Amino acid sequence: MNNILSIKDLTLKYGKNEVLTNVSFQVQQGDYIGIVGPNGSGKTTFINAILGLKTPFKGEIEFNKDIVKQSSIGYLPQRSIRNDKLFPAKVREVVATGLLAEKKEPKFYVQEDYNKVDKILEKLRIEELKNKKIGDLSGGQQQRVLLARAMVASPKILILDEPTNALDSKTREELYDILKILNIEDKVTIMIVSHDLKTIGKYINKILYLEGKVIFYGSYEEFIYSKDMNKYLDFFIRDRFNGGI
Ligand SMILES: Nc1ncnc2c1ncn2[C@@H]1O[C@H](COP(=O)(O)OP(=O)(O)OP(=O)(O)O)[C@@H](O)[C@H]1O
């Protein structure tokens, strides 16, 4: 399998606060990686570094340029739900904005863009929402629209930061099912930060467990049957008390 992303000796800091130290690992095309770790363990900071929003103190983040450009990563941030009923934008317009980043000035849409929007809405099974206002949708529907926006430019890597935080368990599972379809059918490499290991365990092939450094990186089976599982279990129990699992 092809490496799509290599992280080498990456150290990330805020001032003197060293959040992650000497992180090294490889991501292969088609991986579906669950990123876990206690609150404040550096998961979001790490993602920001991959997205180019946080400059490394040390180390390298290298994309396989034959497959992916850093500028073309799909990203679904934490808590992106809008409760504003008056927000006037329609689903189709919101999703189309996902195509703007790759357009040169002047930026305007052509028919091909709307075809791409229709295609991704269909893939995510929300074509019937096309002309609805985003503020009128349920949390799960809104999250799926934002996923469509993240995916409309056909990125090879999709990064999600606790995307199901505000969703009930049924809607959560539906979102994970859709992600799995993108992963299998479209070979999209997925990296997802989640406290919901119990649910994502069914979908992912690898786990990245961060706590100031890489505590574990490997297959989900290895993780579950690891001799250090007791140590990890301690974190998951703590996490449950923090409102996680
Ligand atoms: N913009 C910032 N400036 C300074 N320190 C920051 C900043 N963002 C995060 N930190 C600190 O960096 C550390 C890691 O934070 P980060 O948000 O990456 O953790 P996390 O694992 O994503 O946490 P959570 O699970 O709570 O979302 C924390 O100690 C946090 O206080």
Side-chain angles (χ1 to χ4, degrees), residues 5-25 27 31-61 63 70 73-83 139-140 142-143 146-147 150 157-169 171-172 175-176 179 189-204 206-218 220 223 226 228-229 231-245:
L5 173 63
S6 298
I7 313 282
K8 290 180 197 151
D9 263 338
L10 181 70
T11 295
L12 299 171
K13 285 183 172 190
Y14 291 104
K16 289 198 173 122
N17 180 13
E18 194 156 309
V19 175
L20 284 171
T21 308
N22 291 338
V23 170
S24 294
F25 69 97
V27 178
D31 271 345
Y32 190 162
I33 301 173
I35 304 175
V36 298
N39 291 113
S41 60
K43 303 180 293 295
T44 300
T45 305
F46 173 67
I47 277 179
N48 284 340
I50 294 182
L51 293 168
L53 303 171
K54 169 86 187 139
T55 310
F57 173 73
K58 181 169 84 68
E60 280 169 34
I61 299 170
F63 291 89
Q70 187 174 35
I73 298 173
Y75 173 53
L76 191 61
Q78 224 170 1
R79 280 188 278 278
S80 37
I81 303 296
R82 264 189 173 275
N83 290 319
Q142 287 188 356
Q143 199 61 320
L146 296 173
L147 177 61
I157 300 185
L158 173 65
I159 296 184
L160 306 100
D161 195 350
E162 300 191 48
T164 60
N165 251 1
L167 307 180
D168 61 63
S169 61
T171 317
R172 233 181 246 205
L175 189 74
Y176 288 133
L179 292 175
T189 303
I190 299 180
M191 301 176 80
I192 180 168
V193 172
S194 179
H195 285 267
D196 186 17
L197 187 69
K198 209 171 108 195
T199 316
I200 61 162
K202 284 186 277 183
Y203 300 92
I204 56 180
K206 286 186 186 160
I207 283 246
L208 172 65
Y209 177 177
L210 297 174
E211 195 166 356
K213 58 184 180 163
V214 177
I215 304 285
F216 180 93
Y217 181 63
Y220 184 64
F223 180 74
S226 159
D228 292 326
M229 192 57 201
K231 260 194 318 202
Y232 307 143
L233 214 54
D234 179 47
F235 149 62
F236 289 113
I237 290 165
R238 274 187 280 145
D239 196 48
R240 189 177 316 205
F241 286 121
N242 286 336
I245 296 175

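Atoms within a ligand are numbered from 1 in the order they appear, just like the ligands themselves. Because the structure is a prediction, the values reported are computed rather than measured. Basis for what follows: all heavy atoms, side chains included, without hydrogens, waters or symmetry-related copies.
In this structure, F223 and Y209 have perpendicular ring planes: the angle between them is above 60°, well past the 30° mark.
What you find for I73 and I50 is that their closest heavy atoms are CD1-O, 4.0 Å. Taking every heavy atom of both residues into account, K43 and P38 meet most closely at NZ-O, 3.0 Å.
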Enumerate donor-acceptor pairs with a distance under 3.5 Å from any side-chain N or O in residues 51-60 to protein atoms, sequence neighbours excluded.
{"from": "K54", "atom 1": "NZ", "to": "K13", "atom 2": "O", "distance (Å)": "2.7"}
{"from": "K58", "atom 1": "NZ", "to": "N22", "atom 2": "OD1", "distance (Å)": "2.8"}

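At least one side-chain heavy atom of F46 sits less than 4.5 Å from a side-chain heavy atom of L210. Here the side chains of E18 and T11 are in contact, with some heavy-atom distance below 4.5 Å.
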In a simple table, one pair per line, please give the protein and ligand 1 atom names for every N or O pair closer than 3.5 Å, along with the distance.
{"from": "ligand 1", "atom 1": "8 (N)", "to": "Y14", "atom 2": "OH", "distance (Å)": "3.4"}
{"from": "ligand 1", "atom 1": "18 (O)", "to": "T45", "atom 2": "N", "distance (Å)": "2.9"}
{"from": "ligand 1", "atom 1": "18 (O)", "to": "T45", "atom 2": "OG1", "distance (Å)": "2.5"}
{"from": "ligand 1", "atom 1": "19 (O)", "to": "G42", "atom 2": "N", "distance (Å)": "3.2"}
{"from": "ligand 1", "atom 1": "21 (O)", "to": "S41", "atom 2": "N", "distance (Å)": "3.0"}
{"from": "ligand 1", "atom 1": "21 (O)", "to": "S41", "atom 2": "OG", "distance (Å)": "3.4"}
{"from": "ligand 1", "atom 1": "21 (O)", "to": "G42", "atom 2": "N", "distance (Å)": "3.0"}
{"from": "ligand 1", "atom 1": "21 (O)", "to": "K43", "atom 2": "N", "distance (Å)": "3.0"}
{"from": "ligand 1", "atom 1": "21 (O)", "to": "K43", "atom 2": "NZ", "distance (Å)": "2.9"}
{"from": "ligand 1", "atom 1": "22 (O)", "to": "T44", "atom 2": "N", "distance (Å)": "2.9"}
{"from": "ligand 1", "atom 1": "22 (O)", "to": "T44", "atom 2": "OG1", "distance (Å)": "2.9"}
{"from": "ligand 1", "atom 1": "23 (O)", "to": "G40", "atom 2": "N", "distance (Å)": "2.8"}
{"from": "ligand 1", "atom 1": "25 (O)", "to": "N39", "atom 2": "ND2", "distance (Å)": "3.4"}
{"from": "ligand 1", "atom 1": "25 (O)", "to": "K43", "atom 2": "NZ", "distance (Å)": "2.8"}
{"from": "ligand 1", "atom 1": "25 (O)", "to": "H195", "atom 2": "NE2", "distance (Å)": "3.4"}
{"from": "ligand 1", "atom 1": "26 (O)", "to": "N39", "atom 2": "ND2", "distance (Å)": "3.0"}

